[in-house]
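For reference, the structure is listed below as structure tokens.
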Amino acid sequence: MTCDVKSQTREELEARFKDWGQPAYRASQLLDWLYVHRVTDWEMMTNLPKPLREQLRQNFTLHALELVRKQGEHDATQKFLWRLSDHSLIESVLIPANPALYGDASDRHTLCVSTQVGCAYGCKFCASGLDGWKRNLSADEIVEQVLAVERWHRDESPESSERGASEREGCSVAKNADALTLPRSHAPTLPAPPLQHIPLRLINNLVIMGMGEPLANYDPLLKALRILNASWGGGIGARKITVSTSGLAPRVRKLAEEPLQFRLAISLHGATDETRNKIMPVNRRYPLKELVAACEYYQKKKGRMITLEYILIAGVNDQIKEIKPLASLAQRLHAKVNLIPYNHVEGLPWERPTEQAQQDFLTALEKQKVAATLRREKGHDIDAACGQLRLKTERALSSTA
Ligand code: SF4
């Protein structure tokens with residue numbers, strides 16, 4: 001089966017080009033087209049010889065995600081519903097700068113990406129798992145979520161019509177691309193491309209918390225993250241990439257062995273086995289004792305702070321009796337707690353606590369000297385619950401079929 005070119009590392013492409021008798025700099029040119037200019041058509045790669053473009057076309061696919069729907073306004077959380085090449089639907093969420101969440105004050109935009117179509121883990125409050133698991137995403141489908149949002153952003157920006165025209169005509173970007181990628185000895189004497197013709201990167205913070213259990217799709221995810229982290233690829237620092245899990249303890253240990261310094265977030269949502277067992281079936285397989293031991297191992301290996309995600313659900317995990325076990329867990333793991341008010345999912349009985357109850361929970365946690373934040377954005381206005389937009393669209397499509 002032909003794989004997509006965006007699932008390839010630089011080393012893999014260089015090896016392929018070597019087999020084809022191509023000079024090594026051709027791999028750099030190709031990578032620039034993919035990750036700097038983010039083109040979606042082989043024909044736009046005008047500094048690659050035509051026969052080479054044809055060879056690439058015969059050996060790789062170059063799929064772009066198709067935007068089905070977008071919800072949310074500029075400068076607020078925006079949700080993208082994408083169609084994959086097999087017509088499956090997935091979501092990505094773009095979150096504007098918010099230093100309190102995952103990164104530092106310098107962060108511009110965070111993108112939350114999906115790793116599976118559907119989810120097999122069946123957390124009781126979650127829309128993504130409602131219709132079960134369909135398949136894992138390939139590495140390129142994970143990478144492409146970042147590129148597709150950046151392309152969308154580029155096309156939306158004020159100077160996009162000028163840039164779009166020049167790219168379509170294959171003028172300044174294409175003519176000058178050699179100057180960007182070639183080693184000095186090969187570089188033609190072309191002037192450097194004007195800055196406005198180099199598409200600016202939008203996303204500098206990535207959270208792997210969309211649809212699916214990320215660590216259940218381990219190898220494609222790790223390959224995608226290596227590509228998104230590489231200076232020749234997405235250029236997103238490993239410390240700006242947060243991998244989340246609902247609690248796959250053995251995979252947390254495996255992640256600890258990876259050389260890259262990713263952040264780890266645990267989708268905890270309950271600080272006792274009793275509460276987690278009620279809402280997260282994964283806890284029966286890997287109870288808290290096992291999960292916490294894996295987190296401690298991760299910390300020992302990485303020296304990184306862990307984040308505990310805690311969706312506040314009215315009457316389920318928002319009572320004051322949950323504070324003590326949550327605080328002691330956070331203290332033991334030196335972890336920060338992100339409180340997220342529940343976004344209602346159609347067809348599920350769970351509700352978000354009142355604002356007062358949310359605030360009381362935060363205050364009680366802070367009194368226990370736990371570093372905690374409460375997400376206050378109005379995500380529920382845009383079907384922000386993970387998987388909700390996809391679920392609604394799929395159900396609407398099947399009812400009209
Ligand atoms: S919360 Fe995450 S792990 Fe649980 S069902 Fe939803 S997508 Fe799957």
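First listed ligand is number 1; within each ligand, the first listed atom is number 1.
- At a heavy-atom cutoff of 4.0 Å, ligand 1 is contacted by both the backbone and the side chain of C123.
- Counting the atoms of ligand 1 from 1 in the order shown, those under 4.0 Å from a heavy atom of S128 are 7 (S).
- With 2.8 Å as the limit, C119 does not count as an N, O or S neighbour of atom 6 (Fe) of ligand 1.
- Under the 6.0 Å distance and 45° angle rule, R352 does not count as a cation-pi partner of Y342.
- Between the side chains of S138 and E141, at least one donor N or O sits under 3.5 Å from an acceptor N or O.
- The atoms of ligand 1 that sit less than 4.0 Å from any heavy atom of G122 are 5 (S).
- In this view, R285 satisfies the salt bridge (charged side-chain N to carboxylate O under 4.0 Å, His left out) rule with no residue, not counting sequence neighbours.
- Residues satisfying the side-chain hydrogen bond (donor to acceptor under 3.5 Å, both in side chains) test with S244, not counting sequence neighbours, are none.
- Judged by distance alone, the side chains of R151 and T40 never bring a donor and an acceptor atom under 3.5 Å apart.
- Heavy atoms of S267 come nearer than 4.0 angstrom to ligand 1 in no pair at all.
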